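Right, one structure below, let's go through it.
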2 protein chains.
Amino acid sequence: MGVRKARAAETEAALKEAALRQFAERGYLNTKITDITAAAGRATGSFYDHFASKDALLQALLADLHGKAHDRLAGQEHPPHDLTDPDQLHEHLAVAWHLMRGNRPVMIALFEQAMAAGPGAGRLWQRLTEDTQVLREHLEHLRESGRPLPGDPELVAAAMGAMLSMLAYALPGEDPGRSDDEVVGILARLLLHGLAGPDSTPAG
Amino acid sequence: MGVRKARAAETEAALKEAALRQFAERGYLNTKITDITAAAGRATGSFYDHFASKDALLQALLADLHGKAHDRLAGQEHPPHDLTDPDQLHEHLAVAWHLMRGNRPVMIALFEQAMAAGPGAGRLWQRLTEDTQVLREHLEHLRESGRPLPGDPELVAAAMGAMLSMLAYALPGEDPGRSDDEVVGILARLLLHGLAGPDSTPAG
DNA sequence: GTCTATATCGTGATAGAC
DNA sequence: GTCTATCACGATATAGAC
């Protein structure tokens with residue numbers, strides 16, 4: 001790779017990094033093209049030599065993320081889980097939580113983007129159901145095994161996803177008094193046994 | 001009230017109604033002042049004779065809602081509940097759900113408004129904790145009674161609120177195959193006994 | 001490829017006749 | 001109070017020199 005291309009790649013990377021920082025600070029919608037270029041120490045016009053729009057930039061960031069995720073998860077099996085097993089549910093939630101929190105800027109951007117389209121478009125609902133598809137399949141598997149689910153797997157999965165993603169978005173970036181593990185633990189207990197807790201006496 | 005004032009009030013009401021329709025269809029952020037005036041059959045300039053801005057209009061709508069809610073809830077007692085009682089939890093969720101779903105346009109607007117401020121501002125988290133304050137107090141009451149909660153009442157309450165509000169926002173307006181009662185029932189069961197269900201065998 | 005300067009556009013908000 | 005016409009501004013996107 002020549003020095004010209006190298007410099008270009010450097011600028012592109014600088015723009016991406018700057019965008020991530022800006023998204024985390026100001027949110028996606030509030031971040032202007034000039035905010036990104038300024039934070040990257042480049043001129044406004046340079047942006048368009050690398051990305052057609054803010055939306056295209058987000059797609060590129062998402063592609064990077066998919067690449068990373070693919071590398072990490074490559075070759076991993078994903079057999080049907082039993083989500084009523086405490087360890088498996090906890091593990092499942094932990095993976096989802098760290099994925100979202102570890103890529104918070106992109107998550108924020110996608111969230112706001114889907115939101116800005118308005119609720120009528122139904123894009124948020126679509127995203128919610130797509131992103132919880134694996135979860136839904138696990139729930140359906142449970143139901144087929146004769147387990148009494150709270151209700152329609154699609155809705156239950158969406159409800160869990162809604163809770164997760166909304167919390168991941170809303171929770172302050174660095175919460176001194178609340179660790180990720182603590183949050184995951186609480187959510188796991190809530191989703192496994194509810195407010196009544198594991199010691200609730202069955203009705204029958 | 002004179003006819004002049006009556007006509008003015010009529011216009012104001014028309015603007016409000018038009019705004020509600022537009023918010024539900026296009027979302028708050030996407031709705032332009034001209035969308036509202038056009039839908040109300042008025043001129044653009046008339047908007048500013050009644051509201052200083054789109055934000056001020058939203059505040060007015062919110063005030064209307066508070067007025068209605070106050071009328072409905074006036075004189076009602078609100079003693080400490082036991083949220084681990086199936087009926088009480090169900091009732092609690094039903095009230096919250098119907099409040100959100102019955103005033104979906106305003107809810108959508110508030111949601112998008114808080115969101116557009118970006119996550120850094122922490123306004124969404126603030127809203128979430130404020131709106132679930134009553135819930136939190138009930139949970140704290142439970143904890144003081146010796147009940148084993150899944151974790152910190154503030155976080156558990158926020159998690160429940162996140163699930164509720166996100167679903168209320170994302171779920172399509174008119175879902176033919178899924179009634180409000182069905183949704184409330186599912187959420188109540190999920191939050192009461194979790195995925196394991198009421199028949200899970202206690203550890204001890 | 002990167003820069004400076006600027007064209008273009010959508011939208012919020014106002015002025016002034018009626 | 002309502003209207004038409006218009007301004008003012010911020011942000012996107014482009015042009016052209018280097």
Side-chain angles (χ1 to χ4, degrees), chain A residues 1-23 25-61 108-109 112-113 115-118 120-121, chain B residues 1-23 25-61 108-109 112-113 115-118 120-121:
Chain A
M1 186 185 287
V3 298
R4 295 171 63 93
K5 275 201 168 180
R7 277 188 60 89
E10 203 175 307
T11 295
E12 187 169 314
L15 288 172
K16 281 181 180 175
E17 287 165 21
L20 291 177
R21 264 181 286 134
Q22 296 295 307
F23 292 168
E25 286 175 23
R26 328 156 82 93
Y28 177 73
L29 300 175
N30 275 333
T31 297
K32 311 306 171 192
I33 305 288
T34 52
D35 294 328
I36 298 173
T37 53
R42 313 289 157 142
T44 308
S46 290
F47 181 89
Y48 295 94
D49 288 324
H50 298 271
F51 309 102
S53 63
K54 192 169 67 172
D55 196 271
L57 165 61
L58 177 55
Q59 296 311 315
L61 291 172
I108 287 168
E112 293 188 14
Q113 188 190 38
M115 185 99 147
Chain B
M1 186 184 287
V3 298
R4 294 170 64 93
K5 276 201 170 182
R7 277 189 59 88
E10 203 174 307
T11 295
E12 187 169 315
L15 288 171
K16 282 181 179 174
E17 288 165 21
L20 290 177
R21 265 181 285 133
Q22 296 295 309
F23 291 169
E25 287 174 21
R26 327 157 83 94
Y28 176 73
L29 299 174
N30 275 332
T31 297
K32 312 304 170 195
I33 306 288
T34 52
D35 293 329
I36 298 173
T37 53
R42 313 288 158 142
T44 308
S46 290
F47 181 89
Y48 295 93
D49 288 323
H50 299 272
F51 309 101
S53 63
K54 192 169 70 169
D55 195 271
L57 164 61
L58 177 55
Q59 296 311 314
L61 291 172
I108 287 167
E112 293 187 13
Q113 189 190 39
M115 188 95 147

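This one's a predicted model, so the numbers in the text were calculated from it and none came from an experiment. Just so you know, these numbers use all the heavy atoms, side chains as well, and skip hydrogens, waters and symmetry mates.
- Between Tyr28(A) and Met115(A) there is no side-chain heavy-atom pair separated by less than 4.5 Å.
- Computed from coordinates, the Phe51(B) CZ to dT2(D) C1' distance equals 15 Å when rounded to whole Å.
- Atom CZ of Arg7(A) is separated from atom P of dG1(C) by 12 Å (rounded to the nearest Å).
- The two residues Ala116(A) and Asn30(B) have their closest heavy-atom pair at O-ND2, 2.5 Å.
- The heavy-atom pair separating Leu61(A) from Phe23(A) by the smallest distance is CD1-CE1, 3.9 Å.
- A straight line from CG of Asp49(B) to C1' of dT4(D) spans 13 Å, rounded to a whole angstrom.
- From Leu20(A), atom CG reaches atom CG of Leu57(A) across 8.0 Å, with rounding to the nearest 0.5 Å.
- If you measure from atom CG of Leu29(A) to atom P of dA11(D), you get 13 Å, rounded to the nearest angstrom.
- If you take CG of Asp55(A) and C1' of dA13(D), they are 15 Å apart, rounded to a whole angstrom.
- Considering only the side chain of Arg42(B), dT2(D) comes nearest among dC3(C), dT2(D), dG1(C).
- Annotation for Ile36(B) and Ala18(B): closest pair O-CB, 3.6 Å, computed over non-hydrogen atoms.
- The C1' atoms of five pairs define one axis at each end of the helix from dG1(C)-dC18(D) to dC18(C)-dG1(D), and these two axes lie 10° apart (to 10°).
- Residue Ser46(A) places at least one side-chain N or O under 4.0 Å from the OP1 or OP2 atom of dC3(C).
- Residues Lys16(B) and Ala60(B) approach most closely at CE-CB, 4.2 Å, considering heavy atoms.
- Within the 4.5 Å cutoff, side-chain heavy atoms of Glu12(A) are placed close to those of Phe51(A).
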message = Evaluate Asp55(B) against Gln113(B) for side chain to side chain donor-acceptor pair (under 3.5 Å), listing each step before the verdict.
response = CA-CA 9 Å; Asp55(B) 195 271; Gln113(B) 189 190 39; 2.4 Å; yes
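- Remark: P of dA13(D) and CZ of Phe47(A) are 8 Å apart, rounded to the nearest angstrom.
- Screening Thr37(A), Thr11(A), Asp49(A) for a side-chain hydrogen bond (donor to acceptor under 3.5 Å, both in side chains) with Arg42(A), the sole residue that qualifies is Thr11(A).
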note = Once base and sugar-phosphate atoms are separated, protein heavy atoms under 4.0 Å mark nucleotides 11-18 of chain C, 5' to 3', with B, S and - as SSBB----
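- Straight-line distance from the CD1 atom of Ile36(A) to the C1' atom of dT12(D): 12 Å, rounded to whole Å.
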